[in-house]
Amino acid sequence: MATVKKGVLSNGTAVWIVHGAVATLTKMACIKALALGDDSSTEIDNTCLEETTTKTSMYGLNTPGEGSIQIDTDPKNFSHMTLLQLAAEKAEVQVYVGWADGIGEPTLVVADVELPTTRTWSHFSAILRKGSPVFATDALVNHTIPMKRQSEVIEEFKVTP
């Protein structure tokens, strides 16, 4: 009996950020966890005065969610130090998450990022904020960098032949 493959594993996911006044594309090495956060929508009451039993509403604007990037902090890892510096500056970055269903890498052409169609992508802009290091027994020192998204998460699914 053939095994049916279901879904995409998290292992093999890669993360890149675009940052700086002169756009720089940096591949993040050894991200432990990434949470994108959920958007919320305001509810606008549109109930008519004549209504006597049921209130109605419609959705208004979306508020982008808050997420985080977690690393086991390594002072010798250039991407970790870059991330911590950007977080200390409360910098806005563009985040590109390459799912583990492919191996293509983004390229920076002038100030535009081109994404290969050989893997699924999630991307968004976010403001980073500094988080404190965590020291625990029998564990690596780590940071969880909070990020407040400034846009919705755009998903571009892998093109399958």
Side-chain angles (χ1 to χ4, degrees), residues 3-21 23-28 31-71 79 82-134 142-161:
T3 303
V4 176
K5 184 177 178 187
K6 301 175 186 177
V8 179
L9 290 172
S10 292
N11 288 62
T13 298
V15 178
W16 290 262
I17 59 171
V18 175
H19 56 93
T24 302
L25 179 67
T26 300
K27 183 174 184 181
M28 301 306 302
I31 298 293
K32 294 293 288 186
L34 176 68
L36 306 186
D38 293 325
D39 296 350
S40 60
S41 295
T42 56
E43 272 191 54
I44 299 170
D45 185 332
N46 63 358
T47 309
C48 295
L49 287 175
E50 295 89 3
E51 180 60 50
T52 60
T53 60
T54 305
K55 202 173 181 181
T56 59
S57 63
M58 57 190 243
Y59 286 119
L61 295 174
N62 276 346
T63 300
E66 295 191 28
S68 62
I69 300 173
Q70 184 181 4
I71 57 174
S79 67
T82 299
L83 183 66
L84 291 172
Q85 181 61 42
L86 291 166
E89 296 168 1
K90 295 184 175 133
E92 184 168 345
V93 298
Q94 280 64 52
V95 180
Y96 294 87
V97 182
W99 293 28
D101 61 355
I103 57 170
E105 296 197 1
T107 54
L108 189 61
V109 179
V110 186
D112 295 323
V113 173
E114 293 184 4
L115 301 173
T117 58
T118 55
R119 75 189 312 171
T120 299
W121 295 93
S122 295
H123 55 95
F124 54 91
S125 64
I127 296 174
L128 302 177
R129 193 166 35 92
K130 187 174 180 194
S132 298
V134 175
N142 67 74
H143 277 85
T144 298
I145 307 298
M147 57 183 177
K148 171 67 175 150
R149 281 193 293 105
Q150 300 299 295
S151 69
E152 68 179 326
V153 176
I154 297 170
E155 293 169 335
E156 297 181 33
F157 292 94
K158 178 179 179 176
V159 175
T160 54

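Asn62 and Ser41 are linked by a side-chain donor-acceptor pair at a separation below 3.5 angstrom, with hydrogens and angles left out of the test. Using modelled atom types and a 3.5 Å distance limit, the side chains of Glu50 and Thr52 yield no donor-acceptor pair.
More than 12 heavy-atom neighbours from other residues, nucleotides or ligands sit within 6.0 angstrom of CD1 on Ile44. Summarising the local packing, CG of Asp38 is surrounded by 12 or fewer heavy atoms from other residues, nucleotides or ligands at distances under 6.0 Å. Within 6.0 Å of atom CG in Leu61, 12 or fewer heavy atoms from other residues, nucleotides or ligands are found, so the atom counts as exposed in its surroundings.
Considering every non-hydrogen atom in both Lys130 and Pro146, the closest pair reads C-CD, 4.2 Å. Counting all heavy atoms, side chain and backbone alike, Gly37 lies closest to Arg149 at O-NH2, 3.1 Å. Closest of all the heavy-atom pairs between Gly131 and Ile145 is N-CD1, 4.4 Å. When all heavy atoms are compared, the tightest approach of Gln150 to Pro64 is C-CG, 4.0 Å. Minimum heavy-atom separation, Thr26 to Ser79: CG2-CB, 4.2 Å.
Note: Trp16 and Trp121 have tilted aromatic rings, judged against thresholds of 30 and 60 degrees for the angle between ring planes.
Counting heavy atoms from C-beta outward, Val8 and Thr120 have side chains that stay 4.5 Å or more apart. Contact of the Lys32 side chain with the Asn142 side chain is not registered, since no non-hydrogen atoms from C-beta on lie closer than 4.5 Å. The closest side-chain heavy-atom distance from Asp39 to Thr63 is not below 4.5 Å. Taking the side chain as every heavy atom from C-beta outward, His19 and Glu89 never approach each other to under 4.5 Å. Residues Thr82 and Gln85 are not in side-chain contact: their nearest non-hydrogen atoms beyond the backbone lie 4.5 Å or more apart. Looking at heavy atoms from C-beta onward, Thr144 lies out of side-chain contact with Val134 at the 4.5 angstrom threshold. Two residues are said to be in side-chain contact when any heavy atoms from C-beta on lie closer than 4.5 Å; Leu34 and Thr13 fail this criterion. Side chains of Leu115 and His123 form a contact here, defined as non-hydrogen atoms less than 4.5 Å apart.
Interatomic distance, Ile127 CD1 to Lys148 NZ, rounded to the nearest 0.5 Å: 9.0 Å.
Side-chain atoms of Asp45 never come within 3.5 Å of backbone atoms of Ser57 as a donor-acceptor pair (strictly under, hydrogens ignored). Proximity of a side-chain donor or acceptor of Thr47 to a complementary backbone N or O of Thr56 within less than 3.5 Å is detected. Checked by atom type and distance alone, the side chain of Arg119 never pairs as donor or acceptor with a backbone atom of Asp101 at under 3.5 Å. Checking side-chain atoms of Ser151 against main-chain N and O of Ser125 turns up a donor-acceptor pair under 3.5 Å.
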> Going through the checks in order, is the side-chain contact (heavy atoms from CB on, under 4.5 Å) test met by Val15 and Val95?
Replying inline: CA-CA 7 Å; Val15 178; Val95 180; 4.0 Å; yes
